[in-house]
Amino acid sequence: MKTIKKRVLTDILFVAAAIAIVLTVWYVASVAVDSEFIVPSPGAAFRSFGVVFETEEFWSGLGGTGIRCVIGFAVAFVLFIVTFYFSVSFYTFGRIIEPILSAIRSLPAVAVTLILILSAGPDGAPVILGVTVIYPIMYSSAKSRISSAPTELKEICRLCGATKWQTFRVLWFPYLAGGLAENIASAFSYNVKAVIGAEILAQTASSLGMLMKLSQIYLQPEMLVAYVICAVVFAAVAELLLRAVLGVVLKKFVA
């Protein structure tokens, strides 16, 4: 128990130190530039951060962005699980899907967003972009994770007459489960960034991205920074919750 408390306290101290460094650099930069329109001071940004919670537009934007993030994340997760199963179960499928995912991973996000705006509209484009960003990340992380599984175990499953689903359940999934919580939680944070970036380009109504765009148009840099802080907090809290929940749920499956 003492070890756990000490580790938690150490983590808190490191986070506090990192925040202090960021705020110090931010303050020095705002003083050096001496222009609230270019680099707003931390004080002005945090005052605006408190104001945004009082506006209906913020909650509408946060809700819209949150829904798009959840939908895209759910689609990407289902695609990941399905393709991962077929990849480890059928050699040919894995050899075909991996180059495709490599190509998707190398696509320029801005160009893809512009194309998606034309085909899927300002509401659908952020969702689809989020999927194209995090789906390959989930898959490649999972494949890297199971690379440490001994090939002898796969041969034992084959000799025992295990079906492909049984082999996946007793061999591949336990190896995957050890890093799945971290993989999925990190992917959600990437998803938030991708969705908001696409919302800015698509000027999606009822979104944090649109609020950021309007702040830039109306020369409100302190509000822009406040919305960015809100997005960071949203992503960080969601990541922590996902990591904690999945860590508990998957603990019994870890190899």
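Since this is a predicted model, take the numbers as computed values, not measurements.
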Only counting residues at least two apart or in another chain, list the ones meeting ring pair (Phe, Tyr, Trp, His ring centres under 6.0 Å) with [X].
X	result
Phe188	Phe73
Phe90	Phe86
Phe58	Phe53

If we ignore hydrogens and angles and just use 3.5 Å, is the side chain of [X] paired with the main-chain N or O of [Y] as donor and acceptor?
X	Y	result
Ser206	Gly61	no
Ser141	Ile137	yes
Ser144	Ser140	no
Lys213	Gln203	no
Ser207	Thr204	yes
Gln220	Ser215	no

- Pairs where residues 113-133 contributes a residue and the test salt bridge (Lys or Arg N to Asp or Glu O under 4.0 Å) is met, not counting sequence neighbours: Arg68-Asp123

- Message: In this structure, would Val195 and Leu242 fall into the same cluster of hydrophobic residues linked by side-chain contacts under 4.5 Å?
- Response: no

- Do Leu62 and Leu214 share a hydrophobic cluster (ILVMFWY, side-chain heavy atoms under 4.5 Å, transitive)? no

- Message: List the residues meeting salt bridge (Lys or Arg N to Asp or Glu O under 4.0 Å) with Glu57, not counting sequence neighbours, and say none if there are none.
- Response: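 With neighbours one apart ignored, the set is empty.
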
- Task: Enumerate the residue pairs fulfilling ring pair (Phe, Tyr, Trp, His ring centres under 6.0 Å) with a member in residues 100-126, sequence neighbours excluded, ordered by first and then second residue.
- Result: none

- Message: Could you check whether any side-chain heavy atom of Phe80 comes within less than 4.5 Å of a side-chain heavy atom of Ile134, counting everything from C-beta outward?
- Response: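 They are not in side-chain contact.
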
- Item | Beyond-backbone contact of Lys143 with Ser87, side-chain heavy atoms, under 4.5 angstrom | yes

- Query: Rounded to the nearest 0.5 Å, what separation is found between the SG atom of Cys69 and the OH atom of Tyr190?
  - Reply: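 Here the rounded value is 15.0 Å.
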
- Straight-line distance of Ile200 CD1 to Met210 CE, nearest 0.5 Å: 10.5 Å

- Item | Candidates Ile104, Leu129, Val133 - the one meeting side chain to side chain contact (heavy atoms under 4.5 Å, CB included) with Val112 |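 Among the candidates, only Leu129 passes.
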
- Message: Which heavy atom of Tyr85 sits nearest to which heavy atom of Phe168, and what is that distance?
- Response: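 Distance-wise, the nearest heavy atoms are CD1-CG, 3.5 Å.
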
